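Since the structure is predicted, the reported quantities are computational estimates derived from the model, not experimental observations. Order of the sequence lines fixes the chain letters, A, B, ..., with proteins taken first and strands second; residue numbering starts at 1 for each chain.
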Amino acid sequence: MAALDTNPPGMIVSDEVAIDINNMNKWYGSFHVLRDIDLTVQRGERIVICGPSGSGKSTLIRCINALEEHQQGSIVVDGTPLSSDLKDIDKIRSEVGMCFQHFNLFPHLTIMENCTLAPIWVRKIPKKEAEETAMHFLEKVKIPEQADKYPGQLSGGQQQRVAIARSLCMRPRIMLFDEPTSALDPEMIKEVLDTMIQLAEEGMTMLCVTHEMGFARQVANRVIFMDAGQIVEQNAPEPFFTNPQNERTKLFLSQILGH
Amino acid sequence: MSDAHAHSIAFVRETELPPAPPPTAETGAVKWVRENLFSSIFNTIMTILGLLIVLYLLSGLIPWIVNGTWEGASIRDCRETLQGSGGGCFAVLAERWPQLLFGFQYPDYLRWRPSLAFALLFLAVPPVLFFKLPRWMLVITALYPFVAYWLIWGGTAITPIFALIGVIAGYFAFTRVERQGFVLGLLAGVIVAAIMWWIGGYIAAEEPGWLRIEAVPSREMGGFMLNMILGIVCVSLSIPIGIVLALGRQSRLPVVKGFCVVFIEFVRGVPLITLLFVANVVLAYFLPPGTNFDLIVRVIIMITMFSSAYIAEVIRGGLAALPKGQYEAGDSLGLDYAQSMRLIVLPQALKISIPGIVNVAVGLFKDTTLVSVISMFDLVGMIRGPILSSTAWTGVYWELWAAACVLFFVVCYGISQYSQWLERQLRTDHR
């Protein structure tokens, strides 16, 4: 099916297109994981992608910064088309921040070094300046006092907030979140979500794969439901949750909201 | 919920329990001895048996050392002095120690030079081993190979100086061109360095007398010095080569990957001793006639090839042990391949590989004694050849081999202790 490509009126945050995905297809071997994905993200939009496991939602956002290759169709990020050219890929990756389910902090570096590594080596920013920026973002995620510790000494929630700060230090224009809270204890989910909400309020363009429906209701402009590699339904959060159209969406929502 | 527990369901804690110290049972040496040595009948028997074996060994070893004699010019002198007291004939060490350490051909009045090179080693190696030392000390390390070469082999200083200039010029060419691409930079570096070396070789041939100290040819090297030269050079070369091979084996380029796989599998499938015979004999057939390719260099190439293949496999294990998320995190931050390898992947993979690398390094150091079978007179070659076959010392096995064991043990045990210290230093997971 052709996905809904038009945003409901009043949802457009800016006319500028941040990400434009056209007719994108991806296979793992002969398995068709992503089918005819069409998705346009405006600058400043906050999009939550949900769906059952194996529906291709992580793969979709991993295609956006070329952690996964797509085989058909086009992805244009910030005006740069994603090709096999390494220069383009590196350019897109330095503009697009990403947070992973398992944080993926560098365990052999301190929190400060985790945050300054890419700015120093990729952006060629002087060390002192990079450290100031890092401190600024560590304060923003409320853990400046942990700067000299190693990731292994922090709790899961703190590690995920460091991961967010690490991405922000590259001054990205788009942030991708790949199930940022699914590996966390319930007590720590809130601190990470609070950080993400704060980020959304500042106008960051965000794509979040998450099952935190409360977060989706509060923050998202648009909720996308995926199943079997396709975009099945997308809508503003209120109508999405109160009046889902597709049978598959209804079933999914009844299962995750039903207890 | 059963009725029996009904009264306990509603519970509200009102007082905080203070943390209590762990129960203090009897502590100290007595407890340790009882728990570890005499905890059961079987354990007690094993303890007593073990003690008896240790006592038996010491009862033989101590008189051998204490009653031993350090004076005499031959085994007959020893027999006269010892009169069957069971002591060792250490006179052989007292008389032949220069040969054990430097070989029997190295000129005795020049022995201070390799000794000085050895002493300088203690300045040059620590900056690499202990990263808390100031970074400028690495300059000493960088200069050391050239100084040590000059001290040990002698000859005009032009050769090592131009070798150094070549390396520096190559490095600068590399950093200049690196922006256009890593491989291109590497190529530029190698070409510039090669040009410098060629110029150096030309000047050295024209001006052989400039800053000249007496030259000692490779065939006069011997003794433990030869083991140390081979061990240090080969270990320091094979670690970087091993890293390159391990990365190459993971390469997406089929040619690079294929070359690395074939090289590693071939070298690992062949005994070192055959490679050494190749170095000694067969290689000469492949070289143009008249070329004089130094035997030590040939041996170094072979041992380095051998151990770098092993180190490559050890490092590959370390690379495979890293979670995929580390690569992805590096990629998602926009680091390029060289950066993410150098800053993220290798520091962690090498840390995991330390025990394996040290294992290979220790093995390699001991394997340098194999050069004795291609008639090089390293420590083992000296003992088997010139010393044991001399009429004065024929039959003095125990003392000589014990000395060789002690020398190797000191070095290998040192390496192993260092690696354990390093592992503790690099432990940042705090789990």
Side-chain angles (χ1 to χ4, degrees), chain A residues 58 61-62 64-68 84 86-111 113-124 148-154 159 162-163 166-172 174-178 183, chain B residues 131-132 135 175-176 178-185 243 247 251-254 256 315 318-355 357 422-431:
Chain A
S58 287
I61 67 165
R62 288 158 60 86
I64 294 172
N65 68 350
L67 286 183
E68 305 277 355
S84 53
L86 285 176
K87 288 234 163 64
D88 286 345
I89 291 180
D90 282 340
K91 179 166 181 290
I92 287 174
R93 281 174 176 167
S94 64
E95 303 286 332
V96 178
M98 180 150 192
C99 289
F100 301 88
Q101 183 177 3
H102 296 289
F103 334 130
N104 296 353
L105 294 177
F106 306 128
H108 62 301
L109 301 175
T110 62
I111 301 306
E113 288 164 340
N114 263 281
C115 292
T116 54
L117 184 90
I120 291 174
W121 290 90
V122 180
R123 291 254 191 267
K124 316 280 182 205
D148 294 323
K149 291 195 180 167
Y150 286 94
Q153 293 166 289
L154 268 54
Q159 291 195 43
V162 171
R166 177 176 72 178
S167 299
L168 292 177
C169 285
M170 288 293 282
R171 308 262 183 203
I174 300 165
M175 283 288 291
L176 308 174
F177 292 87
D178 188 2
Chain B
F131 35 80
K132 294 226 172 80
R135 295 290 81 193
T175 50
R176 279 292 155 82
E178 193 194 3
R179 278 157 213 219
Q180 264 103 61
F182 186 79
V183 178
L184 218 61
I243 293 173
L247 293 179
S251 172
R252 284 186 194 166
L253 307 173
V256 175
I315 293 174
L319 291 171
L322 267 200
K324 204 169 150 236
Q326 292 292 311
Y327 294 84
E328 288 179 353
D331 285 347
S332 74
L333 286 169
L335 297 169
D336 62 29
Y337 176 80
Q339 287 169 339
S340 98
M341 285 299 136
R342 181 163 46 147
L343 301 167
I344 295 165
V345 175
L346 281 177
Q348 297 185 62
L350 290 179
K351 189 175 99 183
I352 302 172
S353 319
I354 291 171
I357 292 175
L422 187 62
E423 278 177 59
R424 283 195 300 274
Q425 288 295 303
L426 294 178
R427 193 176 295 151
T428 59
D429 50 0
H430 305 279
R431 278 168 204 255

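By the 6.0 Å and 45° rule, Arg166(A) does not stack over the aromatic ring of Phe103(A).
The pair Lys324(B)-Glu328(B) meets the salt-bridge criterion, since a charged nitrogen lies less than 4.0 angstrom from a carboxylate oxygen.
Separation of atoms CG (Leu333(B)) and CG (Asp90(A)) is listed at 11.5 Å; rounding is to 0.5 Å.
The choice from Val122(A), Ile89(A), Leu176(A) that makes the most heavy-atom pairs within less than 4.5 Å of chain B is Val122(A). Ranked by heavy-atom pairs shorter than 4.5 Å toward chain B, the options Thr110(A), Leu105(A), Leu109(A) are led by Leu105(A).
Both the backbone and the side chain of His108(A) have a heavy atom closer than 4.5 Å to some heavy atom of chain B. Heavy atoms of Phe106(A) lying under 4.5 Å from chain B belong to its backbone as well as its side chain. For a residue to count as touching a neighbouring chain, one of its non-hydrogen atoms must lie under 4.5 Å from one of that chain's; by this rule Gln326(B) touches chain A with backbone and side chain alike.
Distance alone, capped at 3.5 Å, is enough to place a donor-acceptor pair between the Arg93(A) side chain and the Asn65(A) backbone. Using a distance-only test at 3.5 Å, with no hydrogens or angles considered, no donor-acceptor pair links the side chain of Glu95(A) to the main chain of Ile92(A).
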